Amino acid sequence: MRPSAVLPVALLTAGLAGCGVSDAEPEPTPGSSSVPASAAPAPESRNEFAGLAALALDRRYAALYTLESGGSSREIVASVAEDGAWRVDIPGGALGGTAGVTVIRVPAGLYQCTLSTPATPVSPTCVRVAERGDKVPRRYDPRVQRLFRQWLPVFTDRKAPLAVSAVQPLAGVKGSCYAVDSVMATTDQPVDVGIYCYSADGLLTGARVDFGLLKLVRQVAGPKTLQLPGPEVAGEPMGLTAPDPVPRLVAPS
């Protein structure tokens, strides 16, 4: 990868130790809506939220987040380049949490790449998962990357079947927060329902959905472009479930 694609991540991770992160709020029960029962949808909230989502579509940044889930915390790095390419690094995002994964969109397509972490150092390689569009096939989808790009066109569409209401900011999160729910009685929801928070200039500052609580730690300017972190290879992308354990050979007595 060129230096322009590496520098923002290095700047972000270098400053993590000096940044305090608030304790996470209790997480919603998986599979349930994260929208407070007392939140009443309002047209003005829907318009405000759509406006912030529109700003987010044009926002270029590299940002470090924490994701609290299941009693543990992971560091998520999201980058959107000036040319529209984007990348999200998700430690523990594949193989039952035993492997890190990068989801990256470049002009050639949407890719899943192995992510090197201190716990699982690897030489990154990439597999194309979509020729067109920004959706990762469900069987390979770590879901976290959805929060940054995938739902923005839905959020900006005032005809989308969403109920939106302004709510109090999540603890430790700056910006304006909105509870987002679906008005469709279906298991195939148009977005991940929950609470989404944005700064006045369209940066995602936090989110609470059924798979965790995301909080912004710090952000810098986005790179000019992004490239795949490793060579493209043929083969199957990493799945979500842990691989079957390798049988241990027992020497004959």
Side-chain angles (χ1 to χ4, degrees), residues 1-13 50 52-65 67 75-91 93-94 99-117 122-157 160 190-192 196 198-199 201-204 207 214 216 218-240:
M1 187 185 299
R2 293 177 181 174
S4 62
V6 175
L7 183 57
V9 176
L11 290 173
L12 288 164
T13 54
L52 290 172
L55 291 173
L57 276 171
D58 294 330
R59 195 72 158 72
R60 302 296 184 255
Y61 61 90
L64 176 68
Y65 295 83
L67 178 64
E75 297 164 12
I76 307 296
V77 176
S79 302
V80 182
E82 293 179 12
D83 63 0
W86 58 264
R87 167 179 172 166
V88 181
D89 292 343
I90 310 166
V101 63
T102 293
V103 179
I104 180 169
R105 174 61 187 259
V106 294
L110 184 66
Y111 291 81
Q112 183 206 83
C113 305
T114 52
L115 175 66
S116 183
T117 66
V122 296
S123 296
T125 57
C126 300
V127 177
R128 188 179 305 191
V129 294
E131 298 292 333
R132 295 182 297 274
D134 289 341
K135 293 184 178 180
V136 179
R138 182 172 297 180
R139 61 187 180 276
Y140 311 126
D141 189 0
R143 303 179 67 187
V144 180
Q145 81 287 342
R146 298 176 181 179
L147 306 179
F148 300 98
R149 304 302 294 174
Q150 184 170 327
W151 300 144
L152 292 179
V154 185
F155 291 164
T156 59
D157 182 3
V191 299
D192 288 304
Y196 293 80
Y198 290 92
S199 64
D201 58 357
L203 179 67
L204 181 70
L214 185 81
L216 174 68
R218 58 181 290 145
Q219 65 96 24
V220 297
K224 291 184 177 181
T225 189
L226 289 166
Q227 294 181 339
L228 297 181
E232 181 179 355
V233 298
E236 187 79 2
M238 290 184 293
L240 302 181

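Atom set for the values below is all heavy atoms of this structure, side chains included, hydrogens, waters and symmetry mates excluded. This structure is a prediction, so every number in the text was calculated from the model and none was measured. We number each residue from 1, following the sequence as shown.
Judged by distance alone, with hydrogens and angles left aside, the side-chain atoms of Arg128 form no donor-acceptor pair with the main-chain N or O of Val233 at under 3.5 Å. Arg60 places a side-chain N or O within donor-acceptor distance of the main-chain N or O of Ala81, the cut-off being under 3.5 Å. Of the possible polar contacts, none joining the Thr156 side chain to the Ala54 backbone as a donor-acceptor pair under 3.5 Å is found.
Between the CZ atom of Phe155 and the CG atom of Leu57 there is a distance of 10.5 Å, given to the nearest 0.5 Å. Distance check: Ile76 CD1 to Leu216 CG gives 12.5 Å after rounding to the nearest 0.5 Å. Note that the CG atom of Leu152 and the CG atom of Leu147 stand 10.0 Å from one another [nearest 0.5 Å]. Distance check: Leu67 CG to Arg143 CZ gives 11.0 Å after rounding to the nearest 0.5 Å. Atom CD in Gln112 sits 10.0 Å away from atom CD in Gln145 (nearest 0.5 Å). Note that the OG atom of Ser79 and the CG atom of Asp89 stand 7.0 Å from one another [nearest 0.5 Å].
Among all heavy-atom pairs drawn from Leu55 and Gly202, the shortest one is CB-CA, 3.9 Å. Between Leu115 and Arg87 the shortest heavy-atom distance is CD1-NH2, 4.5 Å. Heavy-atom minimum distance, Ala85 versus Leu226: O-CD1, 3.6 Å. What you find for Gly100 and Met238 is that their closest heavy atoms are O-CE, 3.5 Å. Between Leu228 and Cys126, the shortest heavy-atom contact is CB-SG, 4.0 Å. Between Pro142 and Ile90 the shortest heavy-atom distance is CG-CD1, 3.6 Å.
Listed by chain and residue number, Asp201, Leu203, Thr205 satisfy the side-chain contact (heavy atoms from CB on, under 4.5 Å) test with Ser199 (two or more places apart in sequence, or in another chain).
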### Task
Show the numbers, then the answer: is there a side-chain contact (heavy atoms from CB on, under 4.5 Å) between Leu110 and Val136?
CA-CA 8 Å; Leu110 184 66; Val136 179; 3.8 Å; yes
### Message
Working note: Arg59 + Val80, criterion side-chain contact (heavy atoms from CB on, under 4.5 Å); need CA distance, chi angles, decisive distance, verdict.
### Response
CA-CA 8 Å; Arg59 195 72 158 72; Val80 182; over 6 Å; no
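Looking only at side-chain heavy atoms (C-beta outward), Glu236 and Val127 stay at 4.5 Å or farther from each other.
Side-chain rings of Phe148 and Tyr65 approach one another, their centers coming within less than 6.0 Å.
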